[in-house]
Each structure stands twice: as structure tokens, then as C-alpha cells.
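Comments concern the structure below.
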Amino acid sequence: MCGCEEPRWGWGHCAPSPMLLLSVLLSAAPFGLLGEETRQVSLEVIPDWLDPPQNLLHVRAVGTNSTLHYVWSSLGPPAVLLVATNTPYSTLSVNWSRLLSPKPDGGLMVLPKDSIQFSSALVFTRLFEFDSTNTSDAAAKPPGKPYPPYSLAKFSWNNISDSLDPATMSATFQGRPIHDPTKAFANGSLSFRVQAFSRSGRPAQPPRLLHTADTCQLEVALVGASPQGNRSLFGLEVATLGQGPDCPSVQEQHSIDDEYTPAVFQLHQLLWGSVPTGFVQWRPVAFSQKQGSRESALPCQASPLYPALAYLLPQSPIVRAFFGSQNNFCAFNLTFGASTGPGYWDQHYLSWSMLLGVGTPPVDALSPLVLGIMAVALGAPGLMLLAGGLFLLLGHKRYSEYQRIN
């Protein structure tokens, strides 16, 4: 249940009660955080009774002894909070008056506070565009002449309630610039599709990241926007909270298996160092067609994380409301595509997916196809040795049974 109690905290006026909740309750598959075996996952849109509506999406995964909270919002730039508690009774409390004020500190809390075991956030701050016409080096930084970036804090977003899909446990934040003098987004949009899961599995579309019930998947899609150049590359700036003075670590894992994402053998992970840990996972690939395939695959380059001053980043009200104003931010940039090969210019389409979770990151096992190939490859020499041994044994036996005629 989400809400606030005016006499208890002494804040401004709260949203009217009872609060409208659009929710889906499902039994979730086992996963490892804090020893839980099952969880009940709900997806709810928290209304504010304002016009235009302010989007706040709460994904809550309840287990026997713990709860996971994912709070997504398009207040300011798109952002998400990750919170893990050690009780199945923790709740999200929202004070809209304070959250929408110039100083939103304390306007959003997970209660009880002493149950919180881990918390962090991601903020998607800017959309970059580069002219790669005269750039031949795919690893160039930046990958071309930069155009003025789009601040995602200055986008207008749809009503999230209209896109809530109980069947797929998903909702989509779709937006375009409030001021668009070049009309680049006259027929286009930038969307953030959030999806929760009730069990382990993989989506049907590439990159087919392995998910569990303690994760959310985010698909970012740029569709129909007019580029400022003939061969424009796009990028995304992502900010996160550092754990203490240091930035989160980034790891790159390699695999011999590319069945789920053809020709992509890497998996990138951003890891927060707290226990239980939080993580972000993504394949270094984007797609220039809605039906992702090897032919439409684009390379995804990620910069190292670097410390960022908070006042230089577009501010997220939900991040400040939960964490306060004194925080250490780190940021990194993602760039999609190269000057050669397929690109956004093919169909004016670009999509990239990531997995966000709390606990131990899902680990890809070798697929049945690769296991079969390995079995054949490793078994063939053994079969040849066995056949050779039988041939020598039987051949010697026939020779020993030969009766010489005098």
C-alpha cells in the first residue's frame, strides 16, 4: 500500500485517499536474494490526481522474508530507484506535495527505514546525436561531430496508466521534447518500456537476456525521429549513485555460446558493491529494426564510469526525494552503431535493452545446442579410439584362431 500520514511526518497535503492502484499479482519463481524461494510480484501505477498526470510506477516483489521495490518515474529525467528490504511488509510512501516541490527531500520513502538492506538508482539524463559522416574509426571518442544533446528532463511524457499491460506486466514511458524547433520529433518518440517477470526465462526477441522474478527489463527505443545528419549515431547518458566515494564496477563476461544473441559473445555488468548487491546487465548490441536480427545488429560502446557533479546533471525528483541532496554521482555514456554498416538511418529505428536487478546477477548456462556440439566434438576422438581398439582386438583374435596346414 502506498500513501502518507500527515500527522505522523508533519508534511504538506497528501494525495486523496484511497489511492488508485492498477496492479497485477502473480506468483514468482525462486531466486536467491536473502534465501527467498518464491515472490509475489505486483505492478502498480500510483496516481497523483494532478493534470497533467505525474508518472510513478511501482514494481514490488514480496517474498517470505524480504521485499524488492523498483520505482520508475518520468518526473524530470526518466529514473528508477532500487530498494531491497528484509521484511515482506515494507511499503512505499509518497507525499506528492513534497515530491513536486523545489526541495523534494523526504517526499518518497520505503518504510520501515531500518529494513532497507540495499538502495541505489539510475537516471537517464541525455540523448546524444553525432554526425559520423567523416568518421572511419569505430572506437573514436566521440564517434563524430556532436549535435546539441536532448535533455530528457525537458521531455513531455504520456500517461503511464494508458500503457499498462497486465498480460505482459509492462508499461511504457513515451515522450518527445517539449520544445522542438527543428520538428525532429514531429513524427517520432523516445520510449522506455519497463517489464517485470513472474518467473525465470528469456524474451522472444533479441538480445534475450536471462531474467528472474527479481529483475526488471528496460527497452529503450528511438522511433521515427528525424536525424540532424545523414548518418547520425545516437547515444545515451546514464547516471547512477556511487557507493561511498567510488563508482560502481563494470565487468565484461565472455562466453563461447551465442545462440540467444547471434555473433555476440560478451555480457556487460554494472555492479554495486553493497550486500545484497544490485546490478545492471546488457549485451553490447542494439538493433536498427524492430524484429532484431544479426543483419540489423549495431555495436554498443560503453564509456568507463566517471564521477559527475550533481549540479551538472538533470535532477531527478524521486532520487533526491529518497536519497537527499548530498550524493556522489557517477555517469557513463552508451553509443549505438558505427559509421559503416546498418544504422538508425535505415528505418529510423533504434532499440537497446538492459536488465536491472537486486541480488546475484543471472548467469547464462551453455545452451543445449552448444552442449550437443561439445559432446560430439569431445566424443568423436573417444569413439575413434574405441573403434581402433576393437579392430585390433578382433583382428588379433582372428589371426590367433588360424590353423596352419602342414
Side-chain angles (χ1 to χ4, degrees), residues 1-25 33-34 36 39-50 53-123 159-161 164 171 173 194 196 214 216 241 274 276 278 315-327 356 358:
M1 182 178 68
C2 303
C4 64
E5 301 175 11
E6 175 66 22
R8 179 177 178 182
W9 292 304
W11 294 343
H13 295 291
C14 300
S17 180
M19 186 171 286
L20 171 66
L21 295 180
L22 302 175
S23 61
V24 184
L25 297 179
L33 179 65
L34 304 179
E36 298 288 355
R39 290 190 184 266
Q40 192 175 54
V41 179
S42 66
L43 186 72
E44 56 190 11
V45 175
I46 304 173
D48 54 16
W49 311 101
L50 299 174
Q54 307 298 315
N55 290 327
L56 203 61
L57 176 69
H58 181 207
V59 179
R60 186 169 183 257
V62 182
T64 305
N65 298 306
S66 61
T67 305
L68 307 180
H69 300 268
Y70 301 88
V71 184
W72 299 83
S73 177
S74 60
L75 292 172
V80 57
L81 302 178
L82 302 83
V83 184
T85 70
N86 61 4
T87 171
Y89 306 110
S90 60
T91 59
L92 178 69
S93 176
V94 180
N95 182 298
W96 281 106
S97 298
R98 178 159 290 196
L99 182 60
L100 299 177
S101 71
K103 295 183 178 180
D105 306 46
L108 188 150
M109 298 191 299
V110 170
L111 301 173
K113 288 185 175 181
D114 59 4
S115 69
I116 297 175
Q117 304 295 296
F118 169 82
S119 60
S120 193
L122 287 177
V123 185
N159 186 343
I160 191 68
S161 299
L164 185 68
F173 298 85
V194 177
D214 59 334
C216 285
L241 291 179
S274 301
Q315 295 296 296
S316 167
I318 67 166
V319 173
R320 181 166 175 181
F322 188 84
F323 292 100
S325 58
Q326 301 300 320
N327 292 292
L356 180 68
V358 177

At what distance, to the nearest 0.5 angstrom, does [atom1] of [X] lie from [atom2] of [Y]?
{"X": "S42", "Y": "R60", "atom1": "OG", "atom2": "CZ", "value": "6.0 Å"}
{"X": "W72", "Y": "L82", "atom1": "CH2", "atom2": "CG", "value": "7.5 Å"}
{"X": "Q315", "Y": "S325", "atom1": "CD", "atom2": "OG", "value": "9.5 Å"}
{"X": "F322", "Y": "L81", "atom1": "CZ", "atom2": "CG", "value": "6.5 Å"}
{"X": "S120", "Y": "L241", "atom1": "OG", "atom2": "CG", "value": "4.5 Å"}
{"X": "I46", "Y": "L108", "atom1": "CD1", "atom2": "CG", "value": "7.5 Å"}

Establish, from distance only, whether the side-chain atoms of S66 and R39 form a donor-acceptor pair under 3.5 Å. yes
Provide the closest heavy-atom pair for [X] versus [Y] in the form atom of the first, atom of the second, distance.
{"X": "G63", "Y": "P88", "value": "O-CB, 3.2 Å"}
{"X": "S90", "Y": "S115", "value": "CB-OG, 4.2 Å"}
{"X": "G324", "Y": "D105", "value": "CA-OD2, 3.6 Å"}

Are the side chains of [Y] and [X] in contact, using a 4.5 Å heavy-atom criterion?
{"X": "F118", "Y": "V83", "answer": "no"}
{"X": "S74", "Y": "F173", "answer": "yes"}
{"X": "N55", "Y": "N159", "answer": "yes"}
{"X": "L56", "Y": "I318", "answer": "yes"}
{"X": "V194", "Y": "Y70", "answer": "no"}
{"X": "N65", "Y": "N86", "answer": "no"}

Does any N or O in the side chain of T67 come within less than 3.5 Å of the main-chain N or O of T87, such that one atom is a donor and the other an acceptor? yes
Go through the structure and list residues passing side chain to side chain contact (heavy atoms under 4.5 Å, CB included) with A171, not counting sequence neighbours. L57, I160, S163, L164
Here's a test for you: under side-chain contact (heavy atoms from CB on, under 4.5 Å), which of L92, V94, T91 qualifies with H58? L92
